Visitor: 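Have a look at this one before I ask anything.
We count ligands from 1, going down the list as the structure has it; atoms in each ligand are counted the same way. Quick caveat, the model's predicted, so the values are computed rather than measured.
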Amino acid sequence: MSTILSLESNITEIKGIGPKKAEAFGRLGIFCIGDFLRNYPREYEDMRNVKLIAGLKDGEKAVVEGTVVFNALGRGYGRKRTLHLSVLDKSAKMEVLFFMAGFMAKQFKNGSKYRFFGKVKVENGSVTMFHPSYEPADSDLETGILPVYSSTRGLSQKDLRRVSKQALLLAADYPEQLPLDVIEKAKLAPIAFALENIHYPTDTDAYKAARYRLVFEELFDLRFALKLSASRFGFGRQGVSFKKGDFSPFIKSLGYNLTSAQERALREIESDMNSELAMNRLLQGDVGSGKTIIAEAALYKAVKAGYQGVFMAPTEILASQHFESFTKDFEAFDINIGYLSGSLGAKDKREVLEKLKSGEIDILIGTHALISGNVEFRKLGLAITDEQHRFGVNQRKKLGDKGDNPDVLVMTATPIPRTLAVVLYSDLDISIIDELPPGRQAIITNRFNEQNRDSAYDKLLSEIEKGRQAYIVAPFIEDSESLQGYSAESLYEEFTRTYPGIKAGLLHGEMKQAEKDECMRAFSAGEISVLISTVVIEVGINVPNATVMLIENAERFGLAQLHQLRGRVGRGCEQSYCFLVLGDESEIALSRAEIMCQSRDGFYIAEKDLELRGPGELFGYRQHGLPQLQLADPVKHSSVLKLASDMADLLYENDPEQSNPDNKVFYDRIYKDYVNSDKLVL
Ligand code: ADP
Ligand code: MG
């Protein structure tokens, strides 16, 4: 029996893809065959060019075919063991090394031929290939330029290519996604051609044309979605004017002077708040630069002018920390602070909601719970979002919808370089706090590698002995076959086994919220000395007693992310340390670590990050699993960005109601992917 496959068919309809594999595909966001069309390759293997071992050059990525003549697991235990192969072709011999490869032992047979694709190291005449992708070279080997896809546990490149090929047979059915006159004017390849050639390029020119089309499309989409959501936010519309309130009593109560950068930001906010137009301002400033005080001052002004304010934070811990400090900072004033989160009991919740509606609560602080339907204000005038990149555009809009065009202030500690901000945030005004309060200690940052990793841990231990606390951050939650590097789980296991006397905690994104909160609480309370985690602590707690941030496989993190992680320490008066342990000492990894060791300026680091790695990391798209920009890089492709933005703006102006039926596919997609989803995070 054979069924006719379509783009909507479930991938289990493809021969060889059962429920187990379908589940793994689900983790990649692929459910029906058509989904795979948009799952672009991570890189390519150029099979037109199988190389001889003798001719390999240091540092190149190459395809090699050879016979395995030696096959052994290295010392160590379990899956962490190294697998060592010797591979022979007609020209020479090379070594192949797989790390953390205990599970791979049985995959290679001596005397059999395999094809390897990976990075080559040539040193003193010996050739080594590290962690290559591979397949048996006996069966039906493919030729041409082959896609290499990002994988997940339980899926081989063969599986991925199988689905890819099936999807491409149907690519001609995939409707054109962009308005036709845009395609024409920008001279873009049609969508079917672009998809076919991004997966299986027929040659370099076809690949370039495909790539250009898809890059253009991503940037065009993004710009159009931003235009749309800006208009839905009511930017430039009539709002609240808070002429009455004045900041100065609050500022005077602080016991320190504002930095000049804080002063400037406050003046900008003041003029927005005095104006009749609704404020839409982004406040950017490094971790610890003192954004919270500015937010408090704005809320103070709103309350004194007779309005309510709301402050939303991305996590329960952060929200409750803000609640505590707000309560303290507003103690001397007649201002009532309320707190709302999902974990509040029903009775407490009801009480808060009533007081909010009656106007008894002046400022409400909380988590996502703030945007749920039953939260009603008497007179909301100012809505503030902390760590705005953690929220979708729609969540922020819902918060603003709790009032009648209230002023909106969003804050972020992720510095966005000007070059990008002008395009991406063109509808927001921006204030920048580019100065830290005086007297901050510099955090001592050092780099380590696999060989001297122990000495980083020795330093960490000596801080623990002094009664301090430490963070250890790993790139992955658990060990897996396709990922190379430390995982939080295995580090936790190793640490607790090696140092049974030290209380350690494990924290990662797959834990339940309540478990995470409890772990954070225990660390915050000093019940745990060492917190071993993934990047979930990036936006997190303020634990002044924590003086060490040790980051494993630091090369795997974006610089902006490393900078944020480092900002978790140095919050008390003790000297603090950031230890970057590199698992890979490539030139780029070293230069990135060097930037971290030398600079503590978030904006400088962000610019460098952008240069070295592209914006995906900067915004943490990958971390959030957002499909917004797979191929496009607004900096590298700045001229495409300019063209795509101009054309998107023109389309928006020519058809402001999105009513042209010719563009229905495009509009429907933008609404589905961006406007009605929480994916738009800018
Ligand atoms: P951010 O929210 O930008 O990460 P915070 O507002 O939490 O930073 O400020 C960090 C710390 O610095 C707080 O303890 C705050 O009281 C303090 N602080 C803020 N502004 C100043 C200033 N001008 N002088 C001295 N300390 C300040
Ligand atoms: Mg803050």
Side-chain angles (χ1 to χ4, degrees), residues 247-270 281-300 309 311-315 317-333 337 363 365-367 384-391 409-416 430-443 471 520 524 537-547 549 560-574 576 578 600-603 605-606:
F247 299 123
S248 36
F250 176 75
I251 300 297
K252 284 208 189 90
S253 77
L254 289 176
Y256 50 75
N257 294 322
L258 294 185
T259 61
S260 53
Q262 284 173 312
E263 289 275 3
R264 193 177 57 228
L266 199 58
R267 290 286 87 80
E268 287 163 354
I269 289 169
E270 181 174 36
R281 188 167 284 279
L282 170 72
L283 178 60
Q284 277 190 284
D286 234 329
V287 179
S289 63
K291 296 182 293 297
T292 313
I293 297 301
I294 302 303
E296 286 181 353
L299 288 164
Y300 174 88
F311 186 100
M312 180 164 75
T315 64
I317 294 142
L318 217 50
S320 68
Q321 256 178 20
H322 280 307
F323 175 65
E324 272 169 40
S325 61
F326 277 47
T327 307
K328 197 162 77 10
D329 293 345
F330 286 121
E331 212 166 26
F333 306 98
I337 319 279
I363 297 171
I365 294 168
T367 57
I384 302 184
T385 311
D386 196 16
E387 306 298 347
Q388 59 86 30
H389 61 287
R390 295 280 155 155
F391 295 98
L409 179 67
V410 297
M411 310 204 292
T412 183
T414 307
I416 294 131
I430 301 178
S431 294
I432 294 177
I433 305 184
D434 52 2
E435 181 183 353
L436 292 180
R440 287 287 161 79
Q441 275 200 16
I443 297 162
Y471 300 93
M520 289 280 209
S524 202
I537 52 147
E538 186 186 340
V539 174
I541 36 178
N542 184 21
V543 181
N545 189 44
T547 56
M549 169 61 70
Q561 223 172 10
L562 292 176
H563 180 64
Q564 290 247 318
L565 286 169
R566 181 168 60 181
R568 295 295 119 204
V569 296
R571 303 200 138 219
C573 39
E574 303 296 337
S576 293
C578 176
R600 55 168 174 153
D601 175 345
F603 281 91
I605 290 171

Visitor: Could you verify whether a donor N or O on one side chain and an acceptor N or O on the other, from S260 and E435, lie under 3.5 Å apart?
Guide: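 Looking only at side-chain atoms, E435 and S260 do form a donor-acceptor pair, the distance falling under 3.5 Å.
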Visitor: If hydrogens are left out, which of G288, P438, G255 has an atom nearest to atom 1 (P) of ligand 1, that is, the closest non-hydrogen atom?
Guide: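 Comparing heavy atoms across G288, P438, G255, the nearest one to atom 1 (P) of ligand 1 lies in G288.
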Visitor: For D286 versus R600, what's the shortest heavy-atom pair and its separation?
Guide: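 Minimum heavy-atom separation between D286 and R600: OD2-O, 3.9 Å.
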Visitor: Can you tell me which residue among K291, Q284, E263 is in a side-chain contact (heavy atoms from CB on, under 4.5 Å) with I433?
Guide: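 Single pass found, and it is K291.
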Visitor: Just jot down the ligand 1 atoms closer than 4.0 angstrom to any heavy atom of T259, in number order.
Guide: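 Under 4.0 Å from T259, ligand 1 has these atoms: 23 (N).
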Visitor: Using a strict cut-off of 4.0 Å, indicate which atoms of ligand 1 neighbour a heavy atom of L258.
Guide: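 Answer, ordered by atom number: 23 (N).
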Visitor: With a 4.0 Å heavy-atom cut-off (strictly under), which part of L254 contacts ligand 1: side chain, backbone, both or neither?
Guide: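 Looking at L254 and ligand 1, no heavy atom falls under 4.0 Å.
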Visitor: Would F247 and Y300 satisfy ring pair (Phe, Tyr, Trp, His ring centres under 6.0 Å), going step by step from the backbone distance to the final call?
Guide: CA-CA 7 Å; F247 299 123; Y300 174 88; 7.9 Å; no
Visitor: Could you tell me whether ligand 1 has any atom less than 4.0 Å away from a heavy atom of D286?
Guide: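 Checking ligand 1 against D286, which is what was asked, there is a heavy-atom contact under 4.0 Å.
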Visitor: Are I384 and V410 close enough that some pair of their side-chain heavy atoms sits under 4.5 Å apart?
Guide: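 No; the side chains remain at least 4.5 Å from each other.
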Visitor: Show which atoms of ligand 1 fall inside a sub-4.0 Å distance from at least one heavy-atom site of G290.
Guide: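 Listed by number with element, the hits are 1 (P), 3 (O), 5 (P), 6 (O), 8 (O), 9 (O), 19 (C).
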Visitor: Could you check which of T292, L436, L283 puts a non-hydrogen atom nearest to atom 2 (O) of ligand 1?
Guide: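 Looking at heavy atoms only, T292 sits closest to atom 2 (O) of ligand 1.
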Visitor: Mind running ring pair (Phe, Tyr, Trp, His ring centres under 6.0 Å) on F311 and F326 for me, showing each step along the way?
Guide: CA-CA 10 Å; F311 186 100; F326 277 47; 5.1 Å; yes
Visitor: If the cut-off is 4.0 Å to any non-hydrogen atom of Q262, which atoms of ligand 1 fall inside it?
Guide: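 With Q262 as reference, the close atoms of ligand 1 come out as 19 (C), 20 (N), 22 (C), 23 (N).
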Visitor: When you measure from the heavy atoms of A413 to every atom of ligand 1, does any distance fall below 4.0 Å?
Guide: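 No, that is not the case, since the closest heavy atom of the residue is not under 4.0 Å from the ligand.
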Visitor: Quick one: does any side-chain atom of T547 pair with a main-chain N or O of S576 as donor and acceptor, under 3.5 Å?
Guide: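 No; judged by distance alone, with no hydrogens or angles, the pair does not exist.
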Visitor: Pairing donors with acceptors under 3.5 angstrom, does anything connect the side chains of S431 and R264?
Guide: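 No, no side-chain donor-acceptor contact under 3.5 Å.
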Visitor: For ligand 1, is I294 a contact, meaning one of its heavy atoms is under 4.0 Å away?
Guide: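 Contact absent.
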Visitor: Check ligand 1 against N257 and write out every atom of the ligand that is under 4.0 Å from a heavy-atom position of the residue.
Guide: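 Result: 22 (C), 23 (N), 24 (N).
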Visitor: Is it the case that ligand 1 has an N or O less than 3.5 angstrom from some N or O of P437?
Guide: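 No; the residue has no nitrogen or oxygen that sits under 3.5 Å from a nitrogen or oxygen of the ligand.
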Visitor: Using a 4.5 Å cut-off on heavy atoms from C-beta on, say whether the side chain of F603 contacts that of I432.
Guide: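 Result yes, sub-4.5 Å side-chain heavy-atom pair found.
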Visitor: I want to know if ligand 1 touches K291 in the polar sense, i.e. an N/O pair below 3.5 angstrom.
Guide: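 Yes - when backbone and side-chain N and O of K291 are compared with those of ligand 1, one distance drops under 3.5 Å.
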